[in-house]
Protein chains: 2
Amino acid sequence: MSDVNGAQALIRTLVDGGVDVCFSNPGTSEMHFVAALDHVPEMRGVLCLFEGVATGAADGYGRMTDRPASVLLHLGPGLANGLANLHNARRARTPVVTVVGDHAGYHKAYDSPLESDIDALAGTVSGWLRRSAGAADVGADAADAVAAARTSPGRIATLILPADTSWSVGAAVAAPRPVEAPAAVPADAVAAIAAVLTSGEPCALLVGAGATRTRGLVAAARVAAAIGAPLYCETFPARLERGAGRPAVERLPRAADQAARRLAGVRHLVLVGAQAPVSFFAYPDQPSSLVPEGCEVHELGTVADDLPAALEQLAELVGAPAEAPLQAAARPELPTGELTLDAIGRLLGALLPEGAIVVDEGVTSTRQLPGPTAGAPAHDWLTLTGGAIGQGLPVATGAAVACPDRPVVCLEGDGSAMYTISALWTQAREQLDVTTLVFSNRSYRILEGELANVGAAASGPRSRDLLELGRPELDFAAMASGMGVPATRARTAEELADQFRRALAEPGPHLIDVVLPGS
Amino acid sequence: MSDVNGAQALIRTLVDGGVDVCFSNPGTSEMHFVAALDHVPEMRGVLCLFEGVATGAADGYGRMTDRPASVLLHLGPGLANGLANLHNARRARTPVVTVVGDHAGYHKAYDSPLESDIDALAGTVSGWLRRSAGAADVGADAADAVAAARTSPGRIATLILPADTSWSVGAAVAAPRPVEAPAAVPADAVAAIAAVLTSGEPCALLVGAGATRTRGLVAAARVAAAIGAPLYCETFPARLERGAGRPAVERLPRAADQAARRLAGVRHLVLVGAQAPVSFFAYPDQPSSLVPEGCEVHELGTVADDLPAALEQLAELVGAPAEAPLQAAARPELPTGELTLDAIGRLLGALLPEGAIVVDEGVTSTRQLPGPTAGAPAHDWLTLTGGAIGQGLPVATGAAVACPDRPVVCLEGDGSAMYTISALWTQAREQLDVTTLVFSNRSYRILEGELANVGAAASGPRSRDLLELGRPELDFAAMASGMGVPATRARTAEELADQFRRALAEPGPHLIDVVLPGS
């Protein structure tokens, strides 16, 4: 029997499989994993002060590398704390290997205080789920988990690791499993879509998943140009490659009426890695589906398929031009004066650095940003895929770990920021190059609108009060400083421009509290 | 058909059933609930910036009132964020009515971004779980939920409320359901325990659940005095009434070796509302059960029964004295100089105010407190029942809402505090009389010990680094100020005494960052 314990086999197998970062918030049942870090120096452990930060960071890391990070969580409550951002990662189809420590198998019957139903929790977000039966299995289980996470289109693979499988010896490192390449969309299926698109009836393309990267977008833009159809991107892409020199693609608006206007008159909607458009919430007397009446929906392959290749074949079949129309470089003038949302958009468009990774959880404050930033130097835009707020600061943290040479710009709502604010500490600890802009409007602004949207009876002072964040005022600069992140506050466009430039120029994390007018 | 909508019927039914506080973090699917607050002014809405704060506050409220508060959560991710503190509440058997808004029923098939398996999540913590089928059912469902939560020994009742059941009219307010009183323990069962206790063999009593309040403790102390047996309390009681004029009872130590020493030689362990003692975690080559070999375990009733009455009957049967031995009033001298854990214990013993509610999530920093605070004026001690950290600040928040005339003292570890730090904002918003002491030892100190306890191989710099919170330093005073809570920092016993006195004397919340020596 080997003298390798389960935890050591786990980490070595993960590293051999290309998983060399672990975002973690460990507890007693994970102590052997922690100890094993000293034996496998290739694994980088990144400490997070809350599990939702760890899972969100893994999401950001996976979106930027297309490789899973691992997440180390402590028992059921630790997993529970990480679920909301795993929900977002599931929606983003991010590859993640989640390792949840459990009590030793023989200990579970005693119902000690932390005992709970880990399997039920894990099942809600995991595309692959296994509980290791013994130390001898841990290596093989870990290799299977990595392969499952990496298999197109990416999923959350959760391995539950009872403490005794972790500390017992007799474990073996497992070799990486082969990961199948994404399947090709059958030629006749591509031809059928080509026939639809060349039918002469009004068509539109809606891309999502893997088709939101440059290669897929270029092919999609060629197709769209060939047939004169509009090209849309899903409302909340995991990672949209955009900016100067890349195809321009509009995200379908979240607001149902605006989405309806974009799709009005379309007879054929061709989905490429995107879901058929649906209202984010149900509203009284409003349809759930945003597909116009009389519009047929077609799908080019599935999210698991090689969509960029299918789009390239499609481009040939529809006789598309060899080159896609690309976004010209264009920056707005720097705004001055009041910090309106419009001014903020122009400011970001004017200053966004080359290669930026923009993490957008600005909710109501960032809806006007796509226009003025469209011609900024090429950058990536990461969005709130699953609607579970508290995602921005953690995803930015993980993206910065993934891409240490690229500037990360995190756009945060004040309400959302408070969910996982301790991500700032991890950014300071790891000296990550993240510039966070918190848009302080002192309210759950989106809900003020939603109160009206759902047709709730005219709201009075008590209901409005429950959406109000200004009493007392949240001082994000003070909180950030308390976690080691240098912070400033901006009340004018000039101040914001100055502070943003300085934050980008200095290494390490920074936070700017962007105080919106009237708040 | 009535023109009352489901949300209005829900809130009115809750209020009629005695549930008149709602800790909430709402979203779109809960907007009708929010709007209905203007129609039912008896319901107090308390806004929390994170769901784990809301659920923890409901736990604290329920422990202090023995009545449920309601919690309003937004869809699966909102519930997920609240699960860890619902886990603690489940272990505390706190009555809680959890209302989780869901998408409208017809909308779920569209798999919009926030769709997830709410029922699976809720099932892991709920003693009662129902999904309202229509607006007409909501009132009755809410009345059933309140009754379920209140039925002894208290549980989490979760009502999933699809948005359309909330906004549709035709709902009806339901009258409160009768709640059955706790069952009496059968006389022969009490007699059997009396026979054991008077057998002459070494016995010990271990009380938990409802037997940790004064009435049960007095009877238990009379029994223990009559037979000369030690009286212990479960390690993590939901609410232990203690201090001068109440029976003295030692909590069974968490450390297995110390617990074993207490129970060595005991032949009969009588459980009264407590579980048989079990190791908090499994450790290699250590037993899970802490019941000594050769010791028989007996149970006086179940946690659902009227345990104080059973203990009083038992006292009669064993010929107990009419009066229990009570703790004499005694305060230590105020310490001076270095802020050792021993000094902190004496300081709290010297200054703890009459009627204090102590919320203890101090982890390694508060283990030495029971002794020096035993003779302080009568107070309640609320502990981390389920081991899921991030409970202290929220529970203190809810306890302060429940008992506005009593001072709340929250003892927090620095690692634990960071889980749900935004509770401070709710304390400021509601101007709650909570004094929080954060014990800054700059580490997950408990895990440094656990790394050794689990027999993990000699730890190196990389594993130790992952338990270290000092890089960068967490400035709790800055963070608290940023959320509107006045805060100070204490480095000596004199400073702490001075700051603690002032915090107690002033209304509203305060935080003291207690910097432990060497950190």
Query raised in the report: Taking it one step at a time, do Phe50(B) and Thr420(A) satisfy side chain to side chain contact (heavy atoms under 4.5 Å, CB included)?
Result: CA-CA 9 Å; Phe50(B) 181 68; Thr420(A) 45; 5.7 Å; no

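- Annotation: side chain of Ile446(B) is not in contact with side chain of Thr28(A) (no heavy-atom distance under 4.5 Å).
- Across Thr385(B), Asn25(B), Asn5(B), the residue that shares the most heavy-atom pairs under 4.5 angstrom with chain A is Asn25(B).
- Looking at Leu83(A) and Pro77(B), their side chains never come closer than 4.5 Å, going by heavy atoms from C-beta outward.
- The closest side-chain donor-acceptor pair between Asp117(A) and Thr124(B), if any, does not fall under 3.5 angstrom.
- Residues Leu49(B) and Tyr419(A) fail the side-chain proximity criterion, which asks for heavy atoms closer than 4.5 Å.
- Scanning both residues, Trp425(A) and Leu469(B), for their nearest heavy atoms gives CZ2-O, 3.7 Å.
- Heavy-atom distances place no part of Ser166(A) under 4.5 Å from chain B, backbone and side chain included.
- For Asp475(A) (side chain) and Gly482(B) (main-chain N/O), no donor-acceptor pair under 3.5 Å exists by modelled atom type.
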Report task. Decide yes or no on side chain to side chain contact (heavy atoms under 4.5 Å, CB included) for Phe33(B) and Leu466(A), but give the supporting numbers first. Result -> CA-CA 11 Å; Phe33(B) 186 110; Leu466(A) 216 56; over 6 Å; no

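- Two residues are said to be in side-chain contact when any heavy atoms from C-beta on lie closer than 4.5 Å; Ile421(B) and Ser422(A) fail this criterion.
- With hydrogens and angles ignored, the 3.5 Å screen pairs a side-chain donor or acceptor of Arg462(B) with a backbone N or O of Met43(A).
- Residues Leu114(A) and Gly386(B) share a closest heavy-atom pair of CD2-O, 3.2 Å.
- By the 4.5 Å heavy-atom criterion applied to side chains, Ser112(B) and Phe281(A) are not counted as neighbours.
- For a residue to count as touching a neighbouring chain, one of its non-hydrogen atoms must lie under 4.5 Å from one of that chain's; by this rule Asp465(A) touches chain B with backbone and side chain alike.
- Judged by distance alone, the side chains of His87(B) and Ser116(A) never bring a donor and an acceptor atom under 3.5 Å apart.
- Heavy atoms closer than 4.5 Å to chain A are found nowhere in Thr235(B), neither backbone nor side chain.
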Query - Derivation of the side chain to side chain contact (heavy atoms under 4.5 Å, CB included) call for Gln286(A) and His107(B) - result: CA-CA 11 Å; Gln286(A) 300 285 328; His107(B) 191 70; over 6 Å; no

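- When Gly76(A), Ala388(A), Ser168(A), Pro41(A) are compared by the number of non-hydrogen pairs under 4.5 Å with chain B, Pro41(A) comes out ahead.
- The part of Ser24(A) that comes within reach of chain B is its side chain, from C-beta onward, which places non-hydrogen atoms under 4.5 angstrom from that chain.
- Heavy atoms closer than 4.5 Å to chain B are found in both the backbone and the side chain of Asp111(A).
- The residue among Ala84(B), Gly52(B), Gly484(B), Ala480(B) with the most heavy atom pairs within less than 4.5 Å of chain A is Ala84(B).
- The parts of Ala428(B) that come within reach of chain A are both its backbone and its side chain, each placing non-hydrogen atoms under 4.5 angstrom from that chain.
- Using a 4.5 Å cut-off between heavy atoms, Cys22(A) does not touch chain B at all.
- The greatest number of non-hydrogen atom pairs below 4.5 Å with chain B, out of Glu115(A), Arg90(A), Glu30(A), His74(A), is found for Glu115(A).
- Considering only heavy atoms from C-beta on, Met418(B) stays 4.5 Å or farther from Val53(A) through its side chain.
- Between chain B and the options Ala120(A), Ser481(A), Pro287(A), Ser279(A), the largest number of non-hydrogen pairs under 4.5 Å is found for Ser279(A).
- Contacts of Phe476(A) with chain B are absent, with no heavy-atom separation under 4.5 Å from either backbone or side chain.
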Report task. Might you work through the side chain to side chain contact (heavy atoms under 4.5 Å, CB included) test for Glu430(B) and Arg471(A), ending with a clear yes or no? Result -> CA-CA 9 Å; Glu430(B) 302 286 333; Arg471(A) 179 167 61 79; 5.7 Å; no

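- Residues Val34(A) and Leu447(B) form no side-chain contact, since every pair of their non-hydrogen atoms from C-beta on lies 4.5 Å or further apart.
- Looking at Gln275(A) and Tyr110(B), their side chains never bring a donor and an acceptor atom within 3.5 Å of each other.
- Counting heavy-atom pairs closer than 4.5 Å to chain B, the top residue among Gly27(A), Ala282(A), Ser289(A) is Ala282(A).
- Looking at Leu75(B), the atoms closer than 4.5 Å to chain A (heavy atoms on both sides) all sit in the side chain, from C-beta outward.
- Ser463(A) contributes atom OG, which lies 7.0 Å from atom CG of Leu37(B) (distance to the nearest 0.5 angstrom).
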